[in-house]
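Note that the coordinates shown come from a computational prediction; the quantities given were computed from them, not determined experimentally. Keep in mind that the numbers below use all heavy atoms, side chains included, and drop hydrogens, waters and symmetry copies. Residue numbers begin at 1 in each chain, while the letters A, B, ... track the order of the sequences.
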There are 2 protein chains.
Amino acid sequence: MRGVLFQRVAIIGFGLIGSSLARVLRRDSPETRIVACARRAETLATVKRLALADATTDDAAAAVAGADLVVIATPLSAYAEVARRIAPALEDGAIVTDVGSVKGAAIAALQPTLPKRVHFVPGHPVAGTEHSGPEAGFADLFRDRWCILTPLPETAPAAVARIAALWEMAGMRVATMAADHHDKVLAVTSHLPHLIAYTIVGTATELGQDLQSEVVAYSAGGFRDFTRIAASDPVMWRDIFLSNREAVLELLQRFNEDLTALQRTIRRGDGEALHEWFTRTRAIRRSIIEARQA
Amino acid sequence: MRGVLFQRVAIIGFGLIGSSLARVLRRDSPETRIVACARRAETLATVKRLALADATTDDAAAAVAGADLVVIATPLSAYAEVARRIAPALEDGAIVTDVGSVKGAAIAALQPTLPKRVHFVPGHPVAGTEHSGPEAGFADLFRDRWCILTPLPETAPAAVARIAALWEMAGMRVATMAADHHDKVLAVTSHLPHLIAYTIVGTATELGQDLQSEVVAYSAGGFRDFTRIAASDPVMWRDIFLSNREAVLELLQRFNEDLTALQRTIRRGDGEALHEWFTRTRAIRRSIIEARQA
């Protein structure tokens with residue numbers, strides 16, 4: 001890559017993803033000026049303390065002035081409001097991207113409000129931890145993970161290529177697909193697992209105080225992996241389930257059928273069928289290890 | 001501790017747990033002689049190659065001759081047969097313990113056959129990984145984890161104390177409780193999580209070949225944590241579900257109710273209720289971190 005990829009980047013919403021991207025820019029593109037925008041004064045104070053941006057503001061319109069790239073990294077429920085605020089202040093030809101986990105909803109919230117004179121490239125870096133906030137970020141969060149871009153038919157290929165280059169700089173592999181396909185795939189790989197983890201941890205917490213301390217003590221038997229997932233940011237996940245409702249509910253239907261089948265197998269004491277099922281699921285773990293996603 | 005805790009230890013079944021315990025003995029009690037017993041010649045060859053035992057045999061009766069401690073570490077379904085084979089060969093006053101994940105079933109399979117002249121201390125070191133076999137073991141597997149002993153009313157306290165000392169040597173914290181209580185607690189902390197993980201990974205693998213490669217690629221969104229759990233040893237887990245059927249099915253009932261409630265909340269689009277649920281589950285993660293089980 002010759003020259004600087006982006007001169008001035010406005011990052012709206014400075015949580016785990018926003019702050020990790022800022023760290024990538026600091027590391028790999030030190031000439032890029034970063035403007036951090038967040039609603040909470042505490043977040044902006046942390047950004048300053050960690051020197052993750054050249055300027056900070058709680059005014060999204062001010063943040064995007066002069067920016068050739070705007071990254072929307074707030075929870076999904078704030079998108080429509082962010083779009084309304086930044087629309088008049090965006091530079092001609094600027095690229096606007098986002099990092100939201102549900103692309104159909106992201107496009108629905110942003111596309112109608114963003115002016116035609118900017119390039120909108122919806123994106124989703126599939127990376128995260130159970131921690132949230134600007135202090136939880138780190139530049140290597142994205143390394144070897146996938147970023148999915150879901151450009152619209154009218155999106156300029158050159159703008160897509162520049163966003164792809166940004167995430168490749170962060171160490172990601174980049175794929176493009178239709179937004180609705182993305183939302184179906186992520187319902188399987190991310191939304192359903194989180195829903196199940198939230199459920200099982202909820203079930204365990206309702207077993208009464210006595211049993212609860214034992215559940216914590218003996219969590220190494222498998223439960224703690226679910227608690228890690230179920231510790232993810234509540235606002236982000238509320239928004240995901242509300243935004244990808246149809247795909248999640250449809251998949252949950254299938255999951256319920258499978259769970260009922262497995263339940264019946266246990267009730268019948270059919271050891272052979274259990275063994276077969278558990279051997280099959282082992283194989284997919286191997287695929288993930290081979291794909292370097294473990 | 002003065003002197004050697006055990007002079008001669010027979011480990012019947014040399015998988016992840018058996019081989020990890022052998023490594024602990026090698027490290028912390030080098031004078032202890034270890035006899036490894038396994039059915040498969042391949043396993044015994046690995047034990048020899050790794051020098052994890054002083055003697056190897058596929059004959060359980062021969063293994064326990066002269067042993068002051070016998071550790072049964074086979075899958076639960078082999079317990080009754082192991083007991084029948086070793087009963088006549090056990091030394092007077094020897095201690096027999098096991099590492100099985102379901103204590104009611106372990107006791108039912110062993111207790112009637114073991115002679116009264118030995119001390120039977122049922123036990124469960126709550127530790128593991130998704131890997132199995134003698135090569136997967138390591139001495140630090142047990143560090144900071146809990147071992148639950150479920151002695152019978154007639155078990156001699158001195159024998160319980162010696163088994164507690166064994167697992168403490170491995171770095172474990174030791175608790176004692178009734179077998180049926182253990183089985184209820186573990187149904188929550190281990191058996192239900194595994195059942196759910198096996199189900200969800202099964203659901204995902206049935207989505208068709210095209211989607212499957214995408215599920216693997218984008219698994220970092222949460223799914224891969226389930227695949228790790230669902231890669232656990234199929235024989236061990238078949239036995240667990242068959243052995244702890246009642247507790248697992250009862251708990252599954254509660255889980256299903258909670259899942260239905262969460263499903264309804266999503267269908268209704270009740271963001272406030274979702275946020276409340278997800279905030280509650282976050283708290284239990286903190287408890288686990290505080291209890292140093294994360």
Side-chain angles (χ1 to χ4, degrees), chain A residues 126-127 145-146 185-186 188-190 193-194 196 198-205 207 214-227 229-231 234 237-238 241-242 245 249 252 254-255 258-259 262-263 266-267 269 271 274-275 277-279 281-282 284-285 287-288 291 293-294, chain B residues 126-127 145-146 185-186 188-190 193-194 196 198-205 207 214-227 229-231 234 237-238 241-242 245 249 252 254-255 258-259 262-263 266-267 269 271 274-275 277-279 281-282 284-285 287-288 291 293-294:
Chain A
V126 186
R145 302 281 167 250
W146 283 89
V185 171
L186 270 286
V188 184
T189 58
S190 181
H194 275 79
I196 298 303
Y198 280 123
T199 305
I200 196 171
V201 174
T203 303
T205 57
L207 291 173
E214 295 183 309
V215 167
V216 168
Y218 310 124
S219 61
F223 184 67
R224 66 173 167 181
D225 295 298
F226 288 76
T227 66
I229 303 176
W237 282 96
R238 175 198 68 193
F241 292 121
L242 296 179
R245 197 179 339 194
L249 290 177
L252 198 49
R254 281 169 183 254
F255 171 82
D258 291 342
L259 186 60
L262 200 47
Q263 191 170 1
I266 292 173
R267 203 181 293 283
L274 286 178
H275 186 264
W277 187 301
F278 300 163
T279 305
T281 55
R282 205 172 205 188
I284 202 158
R285 178 67 183 174
S287 321
I288 286 174
Q293 295 301 305
Chain B
V126 186
R145 301 282 166 250
W146 283 89
V185 172
L186 269 287
V188 185
T189 59
S190 180
H194 275 80
I196 298 303
Y198 280 124
T199 305
I200 196 172
V201 174
T203 303
T205 55
L207 291 173
E214 294 183 308
V215 167
V216 168
Y218 310 125
S219 60
F223 184 68
R224 66 172 168 185
D225 295 296
F226 288 76
T227 65
I229 303 176
W237 282 97
R238 175 198 67 194
F241 291 119
L242 296 179
R245 199 180 336 194
L249 290 177
L252 198 49
R254 282 169 182 253
F255 171 82
D258 291 342
L259 187 59
L262 201 47
Q263 191 168 2
I266 292 172
R267 203 181 292 284
L274 288 177
H275 186 264
W277 186 303
F278 301 163
T279 305
T281 55
R282 205 173 205 187
I284 202 158
R285 177 68 185 175
S287 322
I288 286 175
Q293 295 301 305

Report summary line: Given A/Asp258, A/Ile229, A/Leu186, the one with more heavy-atom pairs under 4.5 angstrom with chain B than any other is A/Asp258
Query raised in the report: Using non-hydrogen atoms only, which part of B/Leu262 is less than 4.5 Å away from chain A: side chain, backbone, both, or neither?
Result: side chain
Query raised in the report: Where on B/Arg254 is there a heavy atom nearer than 4.5 Å to chain A: the side chain, the backbone, both, or neither?
Result: both
Report task. Look at the rings of B/Tyr198 and A/Phe278 and say which category their plane angle falls in: under 30° parallel, 30 to 60° tilted, over 60° perpendicular. Result -> parallel
Query raised in the report: Which atom pair, heavy atoms only, marks the closest approach of A/His275 to A/Thr279?
Result: O-OG1, 2.6 Å
**Report entry** Most contacts with chain B, counted as non-hydrogen pairs under 4.5 angstrom, among A/Gly222, A/Pro193, A/Ser190, A/Ser287
**Finding:** A/Pro193
Query raised in the report: Non-hydrogen atoms of chain A under 4.5 Å away: do they reach the side chain of B/Phe226, the backbone, both or neither?
Result: side chain
**Report entry** Portion of B/Trp277 that has a non-hydrogen atom of chain A nearer than 4.5 angstrom
**Finding:** side chain
Report task. Under 4.5 Å, counting heavy-atom pairs only, tell me which of B/Trp237, B/Phe241, B/Tyr218 racks up the most with chain A. Result -> B/Tyr218
**Report entry** Options A/Ile288, A/Val201, A/Val126, ranked by heavy-atom pairs under 4.5 Å with chain B, top entry
**Finding:** A/Ile288
Query raised in the report: Do you know which of A/Val188, A/Ile200, A/Leu274 has the most heavy-atom pairs under 4.5 Å to chain B?
Result: A/Ile200
Requested in this report: Begin from the C-alpha positions of A/Thr205 and B/Thr281 and carry the test side chain to side chain contact (heavy atoms under 4.5 Å, CB included) through to its verdict.
Outcome: CA-CA 8 Å; A/Thr205 57; B/Thr281 55; 5.7 Å; no
Query - Minimum heavy-atom distance between A/Arg245 and B/Gly269, given as atom pair plus value - result: NH1-N, 3.5 Å
Query raised in the report: OG1/A/Thr199 to CG/B/Leu259 distance, rounded to the nearest 0.5 angstrom?
Result: 4.5 Å
Query raised in the report: Does any heavy atom of chain A fall under 4.5 Å from the side chain of B/Ala127, the backbone, both, or neither of them?
Result: neither
**Report entry** Nearest heavy-atom neighbours spanning B/Arg282 and A/Ala231
**Finding:** NE-O, 2.7 Å
**Report entry** B/Arg224 backbone acceptor or donor facing A/Arg285 side chain under 3.5 Å
**Finding:** yes
